[in-house]
Amino acid sequence: MTEILDENHIIAERRQKLSDIRKSRVAYSNHFKPTHKSHLIHSQYGELNGEELVQKEITVSIAGRMMLKRIMGKASFATINDGTSKIQVYVSKEKIGEAVYDEFKHFDIGDIIGAHGTLFRTKTNELSISVTKIELLSKSLRPLPEKFHGLTDQEQCYRQRHLDLIMNEESKNLFIKRSQIIHSIRDTMVRESYLEVETPMMHSIPGGATAKPFITHHNALDMQLFLRIAPELYLKRLIVGGMDRVFEINRNFRNEGLSTRHNPEFTMMEFYESYADYKRMMEITEQIIRKAALDSVGKLVISYQGREVDLAKDFDRLTIVESIIKYNPEFSTTQLNDIDFLRQTLTKLTRKAPSDNESLGVLQLLLFEENTEAKLWQPTYIIDYPIDSSPLARQSDSNPLITERFELFVVGRELANGYSELNDPEDQAERFKKQVAQIESGNDEAMHYDADYIRALEYGMPHTGGCGIGIDRLVMLLTDAASIRDVIFFPQMRAI
RNA sequence: GGAGCGGUAGCUCAGCCGGUAGAGCAGCUGACUUUUAAUCAGUUGGUCAUGGGUUCGAAUCCCGUCCGCUCCA
């Protein structure tokens, strides 16, 4: 239906060309074997001058998409992009014969073509291929966006990423960088003797984070399943099992709103290390991020949305209260330890009173989220999270109200979250019970009681440090992307 | 959920205090044997996102809806 509606004269003409091809040969043949890649031609022969090229008679076959075509009577130029870079081909009637040349004249921009010939330099000294054979490999039926302005419509870039990748080199380079970043992270983890593992994406009890899950159903087992919101509880089962350093890079799913920082499916790396604590996790997180920056951007002082970010210096470490005061000097420590003051301030800021029985620590955290988080531009670890908002983190030995937990903020966004893991099964059972009480009082994001996980802890889990890093957000930071949609190939869009 | 901005040819965009829907690129026809967004001449192509309203007359003004972007909650 949409096919027919989309049809216009440009497509109709191209279909006619395709139909003519079908009359004489296999239209989408697969025999052509390119021998060279454009970027290697440029790097290997880019230094040779015209005479040297003529002498060496370097013969190449390349295949790629025709991006530009300039026909000048009996000879023409075309620009081909073979996925590595662009290269110009020179096509003359004299060299390829009248019949093929006439065919070539009707090739369309966007067609995938194969060309064979020898390297030479044009009058303007551009390394080019003088073609002796040329053929159409894949007919393109739809016209590409305009050659000069390309594709700028963001919606089209997201909905038709293939077009974005064809037309916008920056976009393609960004995704190459994304791959480099992930490769770099893997490299760091493996070098630190971590084992890469995979744990279930479908959970019968959603756990490991406070978030709304997507719900699905398994027919044969006739059971409800949830797409995972975090892999944490499974990775820690592996720690119980003696896999003492594990990491997983994979998708999490959260049934929440979309924004420039949120996509319903997003990529996280979580890693767990036995006999380590949250301080070691902060150190290795810093190390991972620096290495990723060096491997992708090539430097540690980077620019994000026009402002400098210094990844070289030791990341700042502040408690919640310290950070509020540092970035909001109008507050005093006394005020920030006064429940009534915090309640009043929050009510003023959010135009809504916080719920009744929130603890001092949670109120401080709420205020932090309100007036400090967005100001943490340079990398900053916030530490000592209140125990009631950290049901999987180990309690501090010196202060029972806080946990050995940190979150890392860069450019005003949460980038990582880690802690010394709670390995006391009885404490964990109590924490789950408190979460269940919250569910019962209407908090649909609180955690469920996971008896199977408690049972695993009861076999004994070594003390462990764990951390999760938001990969999409890290990629945003290192590629200077303003929206998470720019770093995910196919971001979630509304159906049209 | 609220606010602002946007949706016109395949693409990039004009047109918007109402009066026959335009350009460039792409396509088609022709000229052209070293072009670089090639050039030159001619030419095809539109449910102006969508539904209603106001009006003699709506791409343009008003209301609703859909889609997107940004900001706020």
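Fair warning: this is a prediction, and the values are worked out from it, not measured in the lab. In what follows, every chain begins at residue 1, and chains take the letters A, B, ... in the order their sequences are listed.
Ion pairing between A:R405 and A:D384 fails under the 4.0 Å rule for side-chain N and carboxylate O. The pair A:D472-A:R178 meets the salt-bridge criterion, with a side-chain N (NZ, NE, NH1 or NH2) lying under 4.0 Å from an Asp/Glu carboxylate O. Ion pairing between a basic and an acidic side chain is recognised when a charged N comes within 4.0 Å of a carboxylate O; A:D20 and A:K17 show no such pairing. Using a cut-off of 4.0 Å between Lys/Arg side-chain N and Asp/Glu carboxylate O, A:D108 and A:K69 are scored as not salt-bridged. Using a cut-off of 4.0 Å between Lys/Arg side-chain N and Asp/Glu carboxylate O, A:R343 and A:D340 are scored as not salt-bridged.
With a cut-off of 3.5 Å on both pairing distances, the Watson-Crick or G-U wobble partner of B:G6 is B:C67. Nucleotide B:U39 is matched to B:A31 when pairs are restricted to Watson-Crick or G-U wobble geometry with both distances under 3.5 angstrom. Judged by Watson-Crick or G-U wobble contacts below 3.5 Å, the nucleotide B:C17 has no partner. Under the Watson-Crick and G-U wobble criteria, each requiring two contacts below 3.5 Å, nucleotide B:G1 is paired to B:C72. The partner of B:C48, taking Watson-Crick or G-U wobble pairs whose two distances both stay under 3.5 Å, does not exist in any strand shown.
In this structure, A:D102 places its CG atom where more than 12 heavy-atom neighbours from other residues, nucleotides or ligands lie under 6.0 Å away. No more than 12 heavy atoms of other residues, nucleotides or ligands sit less than 6.0 Å from atom CD of A:E47.
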(message) So if I define the base as every atom that isn't primed, P, OP1 or OP2, how would nucleotides 2-9 of chain B read as a B/S/- string at a heavy-atom cutoff under 4.0 Å?
(response) --------
(message) The test is side chain to side chain contact (heavy atoms under 4.5 Å, CB included); show your working for A:E94 and A:K74 and say whether it passes.
(response) CA-CA 8 Å; A:E94 189 189 15; A:K74 298 184 184 67; over 6 Å; no
(request) Please assess A:N81 against A:S38 for the test side-chain hydrogen bond (donor to acceptor under 3.5 Å, both in side chains), listing each intermediate value before the final yes or no. (result) CA-CA 8 Å; A:N81 187 337; A:S38 168; over 6 Å; no
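Of the candidate nucleotides B:A38, B:A26, B:C11, B:C11 has the atom nearest to the side chain of A:Q156.
Of the candidates A:R254, A:R251, A:Q492, A:E265 forms a side-chain hydrogen bond (donor to acceptor under 3.5 Å, both in side chains) with just one, namely A:R251.
Ring geometry, A:F341 versus A:F331: the interplanar angle exceeds 60°, so the pair is classed perpendicular (tilted spans 30 to 60°).
A straight line from CG of A:L258 to C1' of B:C72 spans 17 Å, rounded to a whole angstrom. Taking atom CZ of residue A:R14 and atom P of nucleotide B:G27, one finds them 7 Å apart after rounding to whole Å. Counting to the nearest Å, the P atom of B:C11 and the CG atom of A:L144 are 12 Å from each other. The interatomic distance linking A:L127 (CG) with B:U34 (C1') rounds to 14 Å, in whole Å. Nucleotide B:G68 holds its P atom 16 Å from the CD1 atom of A:I484, rounded to whole Å. When the C1' atom of B:C13 is taken as reference, atom CD of A:E146 falls 9 Å away, rounded to whole Å. Distance CD1 (A:I71) to P (B:U34): 14 Å, rounded to an integer number of Å. When rounded to the nearest whole Å, the span between CD of A:E94 and P of B:U34 equals 12 Å.
Mapping A:K123 and A:P145 onto RNA chain B via the closest heavy atom, the residue that lands nearer the 5' end is A:P145. Mapped onto RNA chain B by nearest heavy atom, A:S128 and A:Q154 fall at different nucleotides, with A:S128 at the one closer to the 5' end.
Annotation: B:U65 and B:G7 have their C1' atoms spaced 14 Å apart (nearest Å). Rounded to the nearest Å, the gap between the C1' atom of B:A58 and that of B:G19 is 10 Å. Taking atom P in both B:U43 and B:C25, one finds a spacing of 14 Å when rounded to whole Å.
Near RNA chain B, defined here as any heavy-atom distance below 4.0 Å, the residues from residues 157-164 of chain A are A:Y158, A:R159, listed numerically. Of all the residues in residues 76-93 of chain A, A:F77, A:Q88, A:Y90 reach under 4.0 Å from RNA chain B with at least one non-hydrogen atom.
In summary, the aromatic rings of A:F315 and A:F406 are positioned with their centroids too far apart to meet the 6.0 Å limit.
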